[in-house]
Amino acid sequence: MSKLKLLVTSALPYANGPIHLGHIAGAYLPADIYVRFNRLLGNDVVYICGTDEHGVPITLRAEKENVTPRTIVQRYHEDIKKAFQRCNIVFDTFSGTSHMHNKHHASLSREFFMYLNKNNLISVKLTDQHFCPKCQRFLADRFIEGSCPRCGFAEARGDECSNCNYQFDPLELKNPKCKICQDAPEIRSTKHWYLRLDVMQKELEKWIAGKTYWKENVVTFVHGWFKQGLKERAITRDLYWGVPVPLEEAAGKVLYVWFDAPIGYISATMEWAEKNGNIDKWKEYWQNPECRVVHFIGKDNIPFHAIIWPAMLMGQRQNYQLPWHIPANEYLNFGFSADDKSVKASKSVGNVVWVHECLDIFPADMVRYCLAACAPEKQDTMFTWKDFQLKCNSELLGVIGNFANRVLKFIANNFNSQVPGSALLSERDKEVLAKIRLTPKEVERLYANFDVRNAVAEIVNLSRLGNQYFDEKAPWKSVKENKRDCEACMFVSIQIVNALAVMLSPVIPESAQKLWEQLGYKDKICKWEQASQEIAPGHTIGTPTGLFQKIEDDVIAPLEEKLASAIQKAAQAAPEAKLAIETKAVETTTATATTPVPAQAQATVASVQPPAATPTGKAKSISLDLFQTLDLRIGEVIEAEKVPKSDKLLKLQVKIGSEMRQVVSGIAKYYTPEQIKGKKVPIILNLEPAKIRGIMSEGMILCADVEGRPVLLLPEQDVPSGAMVK
RNA sequence: GGCGGGGUAGCUCAGAUGGUAGAGCGACGGCUUCAUAAGCCGCAGGUCACGGGUUCAAGUCCCGUCUCCGCUACCA
């Protein structure tokens with residue numbers, strides 16, 4: 001078989017936070033395994049990654065911490081890089097998209113823009129938008145409020161009145177205010193550039209039609225987009241942190257982060273090439289029709305890699321290689337087991353297992369093994385510490401490690417560390433040998449098809465067979481009664497150990513190499529054929545030692561408890577304690593902005609990420625008089641019911657003294673009607689009435705806001721309904 | 001509500017092109033001692049969410065229902 005040329009990438013993690021096990025399981029470990037496997041086959045592989053370092057979330061975080069975006073980027077770049085190193089995920093280069101990590105990136109990004117422009121694949125639109133002089137940014141619809149142009153309702157949102165349901169252009173809004181600083185924005189016209197995906201749809205469809213070998217989840221997703229029809233997508237933003245748009249008329253604008261991020265795959269390859277002494281070497285991959293480009297990503301990244309990125313590459317008309325494969329994985333959820341049931345969970349930051357906290361306790365190979373064995377390849381899967389313990393103890397240690405150990409020790413103790421001969425092989429011996437020869441072929445096929453789970457299962461099965469065979473032959477008996485038979489058994493058994501070491505090496509490189517050395521080899525595992533290469537009689541093995549340590553309950557218990565309590569804490573706030581929150585495997589840290597935003601909405605700064613939390617003390621101070629204009633009372637909730645066709649809304653009948661009020665409240669995710677019924681809660685009475693989902697709401701229940709979760713405020717002792725709140 | 005994905009043994013999950021339901025773990029009962037008390041064998045366990053339909057035959061195709069999850073809308 002001729003050797004392949006492969007350019008492999010993993011989604012660029014976004015440099016504003018650490019990475020968790022879900023990221024590893026989804027986009028990095030499968031890629032690392034694939035790369036290691038292909039190298040064993042002798043294929044020419046370059047493995048590229050780096051942090052995604054532009055975009056609004058980073059600037060917001062920087063502003064919040066009062067540091068520069070560079071500081072944020074640098075911090076998480078280092079954190080993430082270190083996490084990968086500790087995991088033994090080895091890139092040929094781990095770069096980044098900002099100038100401090102990659103000097104080719106900006107110029108290549110500009111080039112991408114220019115070629116697209118030249119090829120008429122970019123359009124320009126001039127639009128008027130609200131601009132806040134104080135915040136120095138354009139405001140997305142959700143960051144403006146004002147009075148409704150039709151009914152005058154004072155708190156209309158940017159483009160829609162919640163009172164009269166009138167939808168309007170944000171520019172029609174009267175008395176607009178910046179939601180972040182409350183100042184009045186001015187209207188400025190701003191120009192933005194759009195990628196003409198619409199005109200490229202046919203070409204894309206044609207290209208993807210040939211991808212019959214792609215994973216089903218990817219194909220389905222892409223077809224969904226085609227069915228809707230591709231739309232133009234803004235590729236520029238008014239922002240200071242990013243790659244400047246290479247046009248004079250675009251001063252103060254940068255390329256949208258999702259546009260420049262995937263270009264990082266190429267610019268990082270350039271950087272790698274340069275480091276290796278030949279800057280042009282990147283072309284041997286990216287512009288070589290023989291090269292296969294493989295992007296490992298999480299499922300939230302499918303549209304970018306399967307549609308937008310290929311469109312950008314096609315649109316260059318520079319013979320770039322389009323993705324050959326996009327093995328997108330699903331999500332790894334985190335959970336815990338209680339009463340033999342698994343409770344799924346987590347979404348908020350505390351409810352995931354961070355890579356660093358895991359590696360502080362366990363060796364990388366155990367983590368790698370476990371994540372490979374239950375990788376979310378076709379479906380979301382669940383991580384629990386108990387499963388982790390079980391997988392490591394029963395498979396890695398019990399089935400594999402123990403088998404290798406018993407074989408090696410037996411040879412060491414009874415054959416003076418010399419592999420015995422194969423003079424007399426029984427039918428059964430031959431049968432097992434045949435199986436040993438077949439397994440690497442099958443595992444090779446599975447690895448090549450991105451089917452790591454089954455590859456691992458197949459390897460474990462071979463080890464199981466080894467244990468069965470070993471027990472069946474009972475060499476500890478035959479060593480005394482029938483030495484020939486014992487010799488045959490050892491000869492066959494050690495071939496299994498040999499195959500296991502090689503086949504496992506992509507998954508658990510350190511342990512596999514250790515085992516290899518225990519087999520008596522001085523070199524490295526470096527060829528897939530070594531899996532089926534027979535150890536000759538007379539070969540001297542090394543010193544057997546245990547490969548893995550058993551994970552005891554008292555190590556797992558506190559970890560599980562920690563995760564469980566975090567999850568339960570979140571669930572407590574939910575009605576019926578059934579809140580099952582999930583964490584995405586590749587959530588915020590994927591190569592590109594993740595939320596598809598309508599093309600029109602993208603042009604403003606704040607459309608992707610909520611604003612930083614208002615720091616205490618920053619709100620404008622108000623007079624006592626103004627405060628006293630609020631009619632704050634205690635009301636008793638008499639009736640409560642869910643608003644149909646809505647997830648978050650409860651319709652409440654509240655008694656304030658002798659008066660009844662109907663209030664709609666967005667707390668249904670956290671309180672059932674039963675839970676709130678009979679409660680006495682603070683309520684603002686003189687808020688302008690509003691219609692929500694067609695239901696009148698005449699007041700507002702006050703809640704504490706805990707990371708977006710409402711928490712009811714209840715009087716410390718019983719108070720009559722209607723009592724003033726001052 | 002819209003879009004997307006699920007509901008298969010106690011638990012976690014497999015089940016191309018329709019043909020008598022699978023694995024691992026757990027439970028239960030045995031065997032073994034070479035090996036990190038690891039290993040091996042046996043047994044139990046499912047009306048494949050529910051209701052219709054197509055078919056000689058459906059977990060697998062079609063329609064409907066319920067339910068769970070994700071994104072999205074609703075949070076006065």
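Letters A, B, ... mirror the listed sequences (proteins, then strands); counts begin at 1. Because only heavy atoms are used, hydrogens play no part in the values below, and waters and symmetry mates are left out as well, while side chains stay in.
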> Is A:Phe410 stacked on the base of B:C34, meaning ring centres closer than 5.5 Å and planes within 30 degrees of each other?
no
> What interatomic distance, in whole Å, is found between C1' of B:G51 and the corresponding atom of B:C66?
10 Å
> Tell me whether the side-chain N/O atoms of A:Lys299 come closer than 4.0 Å to OP1 or OP2 in B:G5.
no
> Determine which nucleotide pairs with B:C74, using a 3.5 Å limit on both distances of a Watson-Crick or G-U wobble pair.
none
> If the threshold is 4.0 Å, N to carboxylate O, is there a salt bridge linking A:Lys473 and A:Asp471?
no
> Mind telling me if B:G45 is syn or anti? Syn here is a glycosidic angle within 90° of 0.
syn
> Does B:U36 have its OP1 or OP2 closer than 4.0 Å to a side-chain nitrogen or oxygen of A:Lys409?
yes
> How far, in whole Å, is B:A58 from B:U17 if one measures between their C1' atoms?
14 Å
> Could you identify the nucleotide paired to B:A23, looking across every strand shown and requiring Watson-Crick or G-U wobble geometry with both distances under 3.5 Å?
B:U12
> Which of these, A:Val352, A:Leu21, A:Asp380, sits in a side chain to side chain contact (heavy atoms under 4.5 Å, CB included) with A:Leu332?
A:Leu21
> Going by purine N1 to pyrimidine N3 plus the second Watson-Crick contact, or the G-U wobble pair, all under 3.5 Å, which nucleotide sits opposite B:G64?
B:C50
> So that I can tick it off, tell me whether A:Asp451 and A:Arg445 are bridged by a salt bridge, with the cut-off set at under 4.0 angstrom between side-chain N and carboxylate O.
no
> For nucleotides 37-44 of chain B, give me every protein contact, N/O to N/O, under 3.5 Å, one pair per line with atom names.
unit_1: B:A38; atom_1: OP1; unit_2: A:Lys550; atom_2: NZ; d: 2.3
unit_1: B:A38; atom_1: O2'; unit_2: A:Gly398; atom_2: O; d: 3.2
unit_1: B:A38; atom_1: O2'; unit_2: A:Asn402; atom_2: OD1; d: 2.9
unit_1: B:A38; atom_1: O2'; unit_2: A:Asn402; atom_2: ND2; d: 3.4
unit_1: B:G39; atom_1: O2'; unit_2: A:Arg406; atom_2: NH1; d: 3.1
unit_1: B:G39; atom_1: O2'; unit_2: A:Asp471; atom_2: OD1; d: 3.2
unit_1: B:G39; atom_1: N3; unit_2: A:Asp471; atom_2: OD2; d: 3.3
unit_1: B:C40; atom_1: O4'; unit_2: A:Asp471; atom_2: OD2; d: 2.8
unit_1: B:C41; atom_1: OP1; unit_2: A:Gln468; atom_2: NE2; d: 3.3

> Would you mind telling me which of B:C74, B:G24, B:C13 lies closest to the side-chain atoms of A:Glu395?
B:G24
> With sugar-phosphate meaning primed atoms plus P, OP1 and OP2, does A:Val460 contact a base, only sugar-phosphate, or nothing at under 4.0 Å between heavy atoms?
nothing
> Should we say atom CD of A:Glu517 is surrounded by more than 12 heavy atoms from elsewhere, each under 6.0 Å from it?
yes
> Nearest whole Å is fine: how far is B:G4 C1' from A:Phe226 CZ?
17 Å
> What contact category does A:Gln379 fall into here, base, sugar-phosphate, or nothing, at under 4.0 angstrom with non-hydrogen atoms?
sugar-phosphate
> Looking at every strand, decide which applies to A:Ile701 at a 4.0 Å heavy-atom threshold: base, sugar-phosphate, or nothing.
nothing
> In plain terms, say whether A:Arg428 and A:Glu472 are close enough for a salt bridge, that is, a side-chain N and a carboxylate O under 4.0 Å apart.
yes
> Measure CD1/A:Ile400 against C1'/B:U36 and give the value in whole Å, please.
15 Å
> Between A:Tyr331 (OH) and B:C71 (P), how many Å, whole number?
8 Å
> Looking at every strand, decide which applies to A:Lys378 at a 4.0 Å heavy-atom threshold: base, sugar-phosphate, or nothing.
sugar-phosphate
> Does some side-chain heavy atom of A:Lys299 sit less than 4.5 Å from a side-chain heavy atom of A:Asn329?
no
> Name the nucleic acid region contacted by A:Phe548, choosing base, sugar-phosphate or nothing; use a 4.0 angstrom heavy-atom cut-off, strictly under.
base
> Going by purine N1 to pyrimidine N3 plus the second Watson-Crick contact, or the G-U wobble pair, all under 3.5 Å, which nucleotide sits opposite B:A38?
none
> Strictly under 6.0 Å, is that where the ring centroids of A:Phe548 and A:Tyr369 end up?
no
